[in-house]
Amino acid sequence: MSRRTQTRNRAFILTGLGTALLIAVFLSPFASSNPDGLDRVSQDQKFDTKAAENPPAHKLPFYSLFDEYALRGVPQGIATPLAGLIGTLATFGLAWGAGKVFVKGSQSNSTIDPDSFEN
Amino acid sequence: MAEIFVFALLSPHQVLKASSPLLAMHIPDGFLSLPISLLTWVIAIGLIALALQRVQRDLKERAVPLMGVCAAFIFAAQMINFPIPGGTSGHLLGGTLAGVLLGPWAGALVMTVVFIVQATLFQDGGLTVLGANILNMGLIGTFAGYYLYKAVRSVIGFNTWRGMATGAAIAAWVSVVVASLVCAVQLGLSETVPLQVAIPAMLIWHVLIGIGEAMITLIALSYIWRTRPDLLYDPPHQRVSSPRSLLPR
């Protein structure tokens, strides 16, 4: 891969991740708080009460960090933007990592990878 | 004979919460019966296993960072509920977008990561019904959405933005409507709500939400088409004719 392509690829990755972070941090407070499709139907049809009140996810350690999309222990105004920031970075890292692990299996296991985007 | 004091401090503090959970088409724990949960788990795991196999064989190294970017964008975009008429809201699912950008196999893995993060970190979507959520909101888009998009794009013009946009928009809309239909059937078979009630109720909202899905998918794809069409899973065969020359590059 040429140096120019590598630079362009890196620019695309940074633009994409940057856009995602901007959305998660600055747009999330403006998200509509109306019930979404399934919530609305469950309320209209009165089966919203069937949702587990204490779901298994509440037993995970993350529950002490996040109350849904709100980081605990910080002022309300920044709780959701921070949850969005952390969540977006976690998703980015996990998906990249998953790709790397599974692509590696088939490709040559050379230690120096010219196509790598990492610095 | 020491007196035992119970400190109020030690009692678990009650968290004040909004009365309605403002989450997603994400199914919470408790909505699906055990057989339906298991069935959807089996289908989801089967497709993910197949995707892992195919990705190992086909995926190019350079697509790996794209998986990260695509997952991050879809996670962020899913947080942004947009209002639709009638006091309801919707948000991007993103399966079709992931399928178009990365292909159905890597796209499936990306969607799986998004829903795992949502369910484990943010209690969005139940852990016991994660298989159903991955299947409905992810895999329907990455597989059915992708193949529908590709068929429409091939008919209208594989190398034109018009073909690309028409295919992606139709596939995005259809994937949301089909996802809501499948979700309704799962709710009906679980006897959570009668099937004949669930289907029209879910369809009415998601016919509208699907328009939002198509619009966001188009915005994201038009950026990629203008700047880096070579990154698409099915790149156009010749140089893109549309307004690319207007962009400084």
Side-chain angles (χ1 to χ4, degrees), chain A residues 1 8-9 12-13 16-17 19-21 23-24 27-28 30-45 47-48 50-52 55-58 60 62-63 66-69 83-84 87-96 98-100 102-103 105-107 113 115-117, chain B residues 15 20-25 27-31 52 55-57 59 61-65 67-73 75-77 79-83 87-91 106 109-110 113-114 117 119-124 126-128 180 183 192-193 197 201-202 205-206 209 227-228 231:
Chain A
M1 197 183 295
R8 289 185 68 206
N9 284 350
F12 185 87
I13 302 304
L17 178 62
T19 309
L21 290 172
I23 291 171
L27 286 187
S28 58
F30 300 101
S32 168
S33 54
N34 288 338
D36 80 1
L38 178 58
D39 290 332
R40 176 61 185 267
V41 171
S42 69
Q43 288 164 19
D44 288 353
Q45 306 301 333
F47 66 89
D48 51 333
K50 292 195 183 179
H58 286 190
L60 295 177
F62 304 114
Y63 185 58
F66 300 106
D67 177 21
E68 292 173 0
Y69 291 99
T88 303
L89 288 174
T91 313
F92 176 75
L94 268 179
W96 185 325
K100 199 140 190 70
F102 294 114
V103 169
S106 59
Q107 306 249 328
D113 177 3
D115 286 357
S116 173
F117 286 84
Chain B
V15 182
S20 71
L22 302 171
L23 301 177
M25 193 207 278
I27 303 170
D29 293 305
F31 274 17
L52 285 174
V55 160
Q56 225 162 45
R57 218 175 56 196
L59 194 72
E61 180 79 35
R62 65 158 206 192
V64 169
M67 287 176 68
V69 170
C70 184
F73 178 82
F75 174 87
M79 285 185 78
I80 315 302
N81 282 56
F82 49 82
T88 305
S89 72
H91 65 67
L109 298 187
V110 158
V113 167
V114 169
V117 169
T120 54
L121 259 63
F122 302 106
Q123 309 110 44
D124 188 7
L127 285 176
T128 62
S180 76
C183 179
T192 299
V193 57
V197 173
M202 283 296 279
W205 298 115
H206 290 93
I209 293 171
T227 55
R228 294 299 305 274
L231 292 179

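Every value quoted in this text rests on a predicted model; they were computed, and no experiment measured them. Below, chain A is the first sequence line, B the second, and so on; all start at residue 1.
With chain A as partner, the option from B/G90, B/G87, B/A71 having the largest number of non-hydrogen pairs under 4.5 angstrom is B/G87. Considering only heavy-atom pairs separated by less than 4.5 Å from chain A, the leading option among B/S180, B/G30, B/A76 is B/A76. Counting heavy-atom pairs closer than 4.5 Å to chain B, the top residue among A/S42, A/G16, A/A24, A/A51 is A/A51.
Contacts between B/A106 and chain A at a heavy-atom distance below 4.5 Å are absent for every atom of the residue. Only the side chain of B/L127 comes within contact range of chain A, with at least one heavy atom under 4.5 Å from a heavy atom of that chain. For chain A, the nearby part of B/I209 is the side chain; its heavy atoms alone come within less than 4.5 Å. Contacts of B/V114 with chain A are made by both backbone and side-chain atoms, with heavy-atom separations under 4.5 Å. Contacts of A/L60 with chain B are made by side-chain atoms alone, with heavy-atom separations under 4.5 Å and no backbone atom involved.
The pair A/D36-A/R40 does not meet the salt-bridge criterion, since no charged nitrogen lies less than 4.0 angstrom from a carboxylate oxygen.
Residues forming a side chain to side chain donor-acceptor pair (under 3.5 Å) with B/T128 (at least two apart in sequence, or on another chain): B/D29. Residues forming a ring-ring contact (aromatic ring centres under 6.0 Å, His included) with B/F73 (at least two apart in sequence, or on another chain): none.
With hydrogens and angles disregarded, a donor-acceptor distance shorter than 3.5 Å links the side chain of A/K50 to the backbone of B/T192.
Ring orientation note: the planes of B/F122 and A/Y69 are close to parallel, at an angle under 30° on the 30°/60° scale.
A/D48 places none of its side-chain heavy atoms less than 4.5 Å from the side chain of A/D39.
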